[in-house]
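Here is the structure we will look at, set down as structure tokens.
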Amino acid sequence: METKVLKIALDNLSQYEEELELAAACIREGGLVAFPTETVYGLGGDGLLKEASKKIYAAKGRPSDNPLIIHISDFDDVYKLASEVPDNAKKLMKAFWPGPVTLIFKKSDIVPYETTGGLDTVAIRFPIHPIARELIRRSGRYIAAPSANRSGRPSPTRAEHVVEDLSGNVDVIIDGGAVDIGLESTIIDMTADVPTILRPGFVTDDMIREVLGNVIYDPAILAKGIDEHMVAKAPGMKYKHYAPKAPLTIIEGDSEEVLSSFDRMIKDDRSKGLKVGAIVTDNIIDKIDADSVISLGDRDDYKAVSHNLFASLRQMDTDGVDVIYSVSFSDKALGMAIMNRLLKAAGYKVHHSS
Ligand code: TXA
Ligand code: MG
């Protein structure tokens with residue numbers, strides 16, 4: 001399949017009628033369109049069309065029991081896709097939609113099991129990104145869209161990442177530039193007795209608590225790993241995720257000790273002839289001597305770190321390193337989402353320096 005890449009400048013959408021119409025028509029015809037959202041790029045297809053969902057799984061190489069999120073462009077759409085909308089969910093919709101929050105509901109009959117990975121629940125998100133909204137609206141469909149990466153790879157935060165992973169497997173890629181947040185949406189299960197966070201994101205537990213009073217984390221998130229006794233509620237949690245090609249180890253500890261750990265481990269690996277990558281922050285970048293050194297930004301600027309994380313993991317692949325070491329972050333606020341992705345990318349390998 002030949003993939004069309006359509007460049008669209010965000011600040012002047014009205015100039016791109018033709019491109020947007022072409023992409024919308026593609027969705028209507030059952031094709032696949034990758035598009036930017038405020039979190040990461042999505043790989044979209046008609047969410048109510050079994051064949052489109054099957055194509056999405058095939059294009060990503062994704063296991064078919066890992067459900068897709070359906071993207072909407074209007075509040076009322078929820079009532080068509082969900083059979084029940086609890087009051088708590090209405091509060092969250094009012095507070096955070098459109099925006100980087102996905103809510104899980106009991107599904108209505110129109111949602112095919114091909115889209116929900118066989119589940120009786122459906123994940124729904126109303127994105128705020130203007131291109132995403134316009135594509136959904138124009139297509140006149142609900143758009144099922146997982147992140148637009150090959151299964152297991154870091155989520156794409158720029159169109160080039162999508163081209164890298166999916167070129168030849170999708171009809172259209174809309175290039176709307178780098179996304180804003182850089183980490184996928186916060187997922188909250190609204191079918192549980194107490195609303196439960198299945199994936200931490202830009203909207204934090206504290207922000208949700210301010211609206212609902214109470215929200216809990218799925219134990220699999222807090223356990224920082226899933227053992228076989230723990231059932232993964234978001235089926236996606238049990239799969240290897242975000243992983244760069246080279247093995248990644250997170251180095252935890254206080255700043256002085258972290259530096260000497262980096263130093264020792266890098267020297268050690270290099271003496272074995274390995275090419276070493278380091279993912280660090282601005283405050284120590286000058287003190288790290290490795291083959292590829294990337295800063296995620298200011299150590300205290302978690303928005304910058306989120307924005308840069310996935311691109312940095314991909315850059316390590318491009319640089320062809322054999323091993324990667326990364327700094328660690330606190331799991332306060334947005335740090336929770338950052339560490340969740342970083343730990344998965346590392347397969348939970350953490351070196352405690354002390
Ligand atoms: O920010 C985002 O959410 C991006 C953009 C494109 O919107 N999408 C995204 O989709 O991250 P994906 O497919 O990469 O991740 C969706 C996650 C998976 O872990 C999946 O298991 C979970 O949502 N999920 C989807 N439907 C679910 C359901 N009914 N119950 C529980 N988990 C569900
Ligand atoms: Mg994904």
Side-chain angles (χ1 to χ4, degrees), residues 33-45 47 53 56-57 59-73 81-83 96-108 111-129 131-133 135-136 142-157 161-162 165-166 174 176 179-192 196-203 218 220-221 226 231-243 306 310 337 340-341 344-345:
V33 177
F35 60 96
T37 80
E38 67 274 25
T39 56
V40 299
Y41 271 76
L43 167 57
S53 290
I56 291 176
Y57 286 106
K60 274 184 69 93
R62 176 171 180 148
S64 61
D65 68 342
N66 190 358
L68 310 175
I69 296 174
I70 301 189
H71 296 64
I72 59 174
S73 58
L81 299 170
S83 64
F96 300 118
W97 277 4
V101 167
T102 296
L103 301 176
I104 310 277
F105 299 95
K106 291 197 177 118
K107 81 172 193 69
S108 72
V111 181
Y113 284 111
E114 280 75 7
T115 301
T116 67
L119 297 177
D120 288 313
T121 52
V122 59
I124 307 179
R125 168 156 129 74
F126 182 173
I128 196 166
H129 194 288
I131 294 177
R133 289 176 73 164
L135 177 67
I136 303 164
Y142 309 118
I143 299 190
S147 49
N149 50 283
R150 286 284 300 172
S151 190
R153 298 213 69 212
S155 296
T157 55
H161 301 159
V162 184
D165 279 19
L166 296 178
I174 299 181
V179 301
D180 178 24
I181 295 173
L183 300 178
E184 308 86 342
S185 60
T186 308
I187 302 181
I188 312 161
D189 184 358
M190 303 310 294
T191 68
T196 304
I197 299 175
L198 303 185
R199 179 172 73 186
F202 182 81
V203 170
D218 187 87
I221 294 174
I226 293 185
V231 185
K233 291 232 188 57
M237 293 193 298
K238 69 174 181 279
Y239 295 109
K240 191 177 170 195
H241 249 98
Y242 314 122
S306 299
F310 286 141
N340 173 267
R341 307 312 192 274
K344 284 188 181 184

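For this chain, numbers begin at 1 and follow the sequence in order. Values in this document were obtained by computation on a predicted structure and should not be read as measured data. In each ligand, atom 1 is the first atom listed, and ligand 1 is the first ligand listed.
Of all the heavy atoms of Pro67, the ones lying under 4.0 Å from any atom of ligand 1 are found in both the backbone and the side chain.
One finds the CG atom of Leu103 at 12.5 Å from the OG1 atom of Thr121 (value rounded to the nearest 0.5 Å). The structure places CG of Leu135 at 4.0 Å from CD1 of Ile143, a figure rounded to the nearest 0.5 Å.
In summary, the atoms of ligand 1 found under 4.0 Å from a heavy atom of Thr39, numbered by their order in the structure, are 1 (O), 2 (C), 4 (C), 5 (C). Taking every non-hydrogen atom of Leu119 and a distance limit under 4.0 Å, the qualifying atoms of ligand 1 come out as 28 (C), 29 (N), 30 (N). Residue His71 approaches ligand 1 through these ligand atoms, each under 4.0 Å from one of its heavy atoms: 5 (C), 6 (C), 7 (O). Numbered from 1 in the order shown, with element, the atoms of ligand 1 that lie under 4.0 Å from a heavy atom of Asn66 read 18 (C), 20 (C), 21 (O). Under a 4.0 Å criterion applied to the non-hydrogen atoms of Ser185, ligand 1 contributes the atoms 1 (O), 2 (C), 3 (O). Proximity to Ile187 (heavy-atom distance under 4.0 Å) selects the following atoms of ligand 1: 17 (C), 22 (C), 23 (O). Interface of Ala145 with ligand 1, defined as ligand atoms under 4.0 Å from a residue heavy atom, comprises 6 (C), 8 (N), 10 (O). Atoms of ligand 1 found under 4.0 Å from any heavy atom of Thr121, numbered from 1 in the order shown, are 28 (C), 29 (N), 30 (N).
Two residues are said to be in side-chain contact when any heavy atoms from C-beta on lie closer than 4.5 Å; Thr37 and Val179 fail this criterion. Side-chain atoms of Lys60 and Ser147, non-hydrogen and from C-beta on, do get closer than 4.5 Å to each other. Between Tyr113 and Lys107, the closest side-chain pair of non-hydrogen atoms falls below 4.5 Å. When side chains are defined from C-beta on, Phe310 does not count as touching Asn149, because their heavy atoms never get closer than 4.5 Å.
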Item to complete: For the pair Thr39 and Ser185, evaluate side-chain hydrogen bond (donor to acceptor under 3.5 Å, both in side chains) and give the outcome as yes or no after the intermediate values.
Response: CA-CA 6 Å; Thr39 56; Ser185 60; 5.6 Å; no
Worksheet item: Between Leu183 and Phe202, is a side chain to side chain contact (heavy atoms under 4.5 Å, CB included) present by the stated rule, with each step listed?
Response: CA-CA 7 Å; Leu183 300 178; Phe202 182 81; over 6 Å; no
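In terms of N/O distances under 3.5 Å, ligand 1 is not approached by Glu184. Looking at Tyr41 next to ligand 1, no N or O pair under 3.5 Å apart turns up.
Put simply, no part of Thr116 is less than 4.0 Å from ligand 1, judged by heavy atoms. Contact annotation: Arg62 has at least one heavy atom less than 4.0 Å from an atom of ligand 1.
Residue contact annotation: Ser147 places an N/O/S atom under 2.8 Å from the Mg ion (ligand 2).
For the pair Glu38 and Arg125, the salt-bridge criterion is met [side-chain N within less than 4.0 Å of a carboxylate O].
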